[in-house]
Amino acid sequence: MQDTQNTRKAQSSPMVKGHFHAPTNTVTYLIWDAATGRAAIIDPVLDYDSASGKTGTQSADAVLHDVNTEKLTVDWILETHIHADHVSAAHYLKSKLPGAKTAVSERISVVQSTFAPIFAFPYPFAPDGRQFDQLFGDKDTFALGAMEATVLHTPGHTPACVSYLVGDAVFVGDTLFMPDYGTARCDFPGGDAGTLYGSISTLLALPDETRMFLCHDYAPNGRAPAWETTVGIQKNENLHIAGKSKEEFVTLRMARDEKLSMPALILPSIQLNMRAGELPPAEENGTAYLRIPLNFF
């Protein structure tokens with residue numbers, strides 16, 4: 001199984017371990033430079049039960065277990081975007097990993113400015129990304145031990161999506177799914193199918209052998225969950241992309257999006273993930289509350 005395998009092909013290839021969160025079909029990645037033990041966590045999940053409002057850390061703690069087992073030092077907690085289908089564990093992990101920095105696209109302010117008025121928070125909220133330690137611009141680089149990572153802006157699913165290229169591996173968030181499932185929806189505020197096509201083209205311009213790691217898998221036709229493929233395979237086999245022009249892709253994507261319902265956790269997820277996963281401040285009775293706007297979507 002991919003969630004129990006460590007893979008490394010060459011000196012410029014990071015070690016990668018994926019943790020699959022079945023309730024939200026999300027994959028969290030622990031990646032590291034074997035030479036130095038410096039690591040990053042990408043798209044961590046905080047367990048959340050919508051019926052009870054209870055949060056939990058079992059999934060995040062499983063990642064921390066691997067950090068300790070491998071004797072790693074986590075420098076980065078990276079988000080590929082502001083997720084609408086699961087709550088981020090970035091804030092919790094930062095509290096457990098001294099020195100780790102949370103990071104996201106500098107365009108997060110676009111998402112925050114769009115959604116903050118919808119939720120009308122009863123507490124101060126600055127839509128400028130200050131909730132994160134680092135805001136990345138396109139082509140920014142950062143160190144993962146002895147390896148250099150590059151940030152690629154890949155908007156379309158949302159305005160603030162990024163992918164992380166580390167050695168021979170690229171982590172693409174919701175931009176692409178496995179070839180038999182296709183691509184990300186583009187009907188959220190600020191999403192755009194034409195923009196997504198351009199972002200996918202940027203990713204598919206990478207060398208064919210580049211390992212591609214995906215944020216979700218929905219295991220169509222009863223197959224086992226999977227989340228690793230390659231640029232070459234996506235280019236030749238992705239059912240939304242292979243052999244299609246931009247116009248054909250946009251038509252296909254928009255038609256598909258019209259039939260999709262909103263993600264079950266979109267309202268709790270966005271308002272917490274805009275805060276880097278930090279829960280809202282407790283009110284006078286000691287309880288924190290989420291805001292649920294009615295009849296918005």
Side-chain angles (χ1 to χ4, degrees), residues 5-19 27-45 60 63-83 88-109 129-155 160-173 175 199 202-203 205-207 209-215 227-228 230-231 273 276-277:
Q5 291 179 345
N6 297 335
T7 59
R8 186 171 186 261
K9 294 182 180 179
Q11 189 173 2
S12 62
S13 181
M15 302 287 287
V16 180
K17 182 168 184 180
H19 287 255
V27 188
T28 296
Y29 293 102
L30 174 64
I31 70 171
W32 69 96
D33 172 24
T36 63
R38 312 303 291 202
I41 297 170
I42 302 176
D43 292 334
V45 178
V63 179
L64 290 175
H65 173 78
D66 286 344
V67 170
N68 293 328
T69 298
E70 300 288 346
K71 297 180 173 57
L72 304 176
T73 300
V74 177
D75 293 323
W76 296 98
I77 302 168
L78 306 171
E79 299 285 7
T80 56
H81 62 294
I82 301 304
H83 306 273
S88 172
H91 182 75
Y92 169 73
L93 288 173
K94 183 178 177 180
S95 73
K96 300 294 183 179
L97 297 166
K101 294 181 179 181
T102 57
V104 73
S105 168
E106 64 183 2
R107 297 177 182 173
I108 185 180
S109 59
R130 69 179 64 180
Q131 299 81 5
F132 294 80
D133 298 313
Q134 179 72 44
L135 301 180
F136 285 131
D138 189 29
K139 304 299 194 300
D140 279 355
T141 60
F142 61 93
L144 185 69
M147 293 188 291
E148 182 178 80
T150 301
V151 180
L152 304 175
H153 276 183
T154 48
C161 289
V162 295
S163 298
Y164 298 102
L165 178 63
V166 188
D168 73 339
V170 63
F171 301 84
V172 300
T175 305
S199 295
T202 296
L203 292 171
L206 295 171
E209 63 272 17
T210 304
R211 296 182 294 161
M212 182 178 285
F213 294 92
L214 318 172
C215 187
W227 46 86
E228 179 181 351
T230 69
V231 166
N273 295 345

Non-hydrogen side-chain atoms of [X] and [Y] separated by less than 4.5 Å:
| X | Y | answer |
| --- | --- | --- |
| His19 | Asp66 | yes |
| Val67 | Lys96 | no |
| Leu72 | Leu30 | yes |
| Leu97 | Leu64 | yes |
| Ile31 | Met15 | no |
| Ser13 | Met147 | no |

If every non-hydrogen atom of [X] is compared with every non-hydrogen atom of [Y], which pair is closest and at what distance?
| X | Y | answer |
| --- | --- | --- |
| Val231 | Pro207 | CB-O, 3.5 Å |
| Ala90 | Pro44 | N-CG, 3.8 Å |
| Leu135 | Gly129 | CD2-O, 3.7 Å |
| Ala40 | Leu78 | CB-CD1, 4.1 Å |
| Tyr164 | Ala103 | OH-O, 4.0 Å |
| Gly167 | Pro14 | CA-CD, 4.5 Å |

Check your understanding: In terms of side-chain heavy atoms, does Ser163 have a donor or acceptor partner in Thr154 at a distance below 3.5 Å?
Key -> yes

Starting at [atom1] of [X], measure out to [atom2] of [Y] and round the result to the nearest 0.5 Å.
| X | Y | atom1 | atom2 | result |
| --- | --- | --- | --- | --- |
| Ser88 | Ile82 | OG | CD1 | 8.0 Å |
| Thr210 | Leu165 | OG1 | CG | 7.0 Å |
| Phe132 | Glu106 | CZ | CD | 13.5 Å |
| Ile77 | Thr102 | CD1 | OG1 | 6.5 Å |
| Thr202 | His153 | OG1 | NE2 | 12.0 Å |
| Asn273 | Ile108 | CG | CD1 | 9.0 Å |

If we ignore hydrogens and angles and just use 3.5 Å, is the side chain of [X] paired with the main-chain N or O of [Y] as donor and acceptor?
| X | Y | result |
| --- | --- | --- |
| Asp140 | Val151 | no |
| Tyr29 | Leu214 | yes |
| Tyr92 | Val45 | no |
| Thr80 | Cys161 | no |
| Thr28 | Asp43 | yes |

Practice item. Please work out whether the ring planes of Phe171 and Phe213 are parallel, tilted or perpendicular, with thresholds of 30° and 60°. Key: parallel

Practice item. Take His83 and His81 through the side chain to side chain contact (heavy atoms under 4.5 Å, CB included) test and state the conclusion after the steps. Key: CA-CA 6 Å; His83 306 273; His81 62 294; 3.2 Å; yes

Check your understanding: Is any side-chain N of the basic residue among Arg38 and Asp33 closer than 4.0 Å to the acidic one's carboxylate O?
Key -> no

Review point. Do the ring centers of Trp76 and Phe136 come within less than 6.0 Å of each other?
Key: yes

Exercise for review: Step by step, work out the side chain to side chain contact (heavy atoms under 4.5 Å, CB included) result for Arg211 and Val16.
Suggested key: CA-CA 10 Å; Arg211 296 182 294 161; Val16 180; 4.2 Å; yes

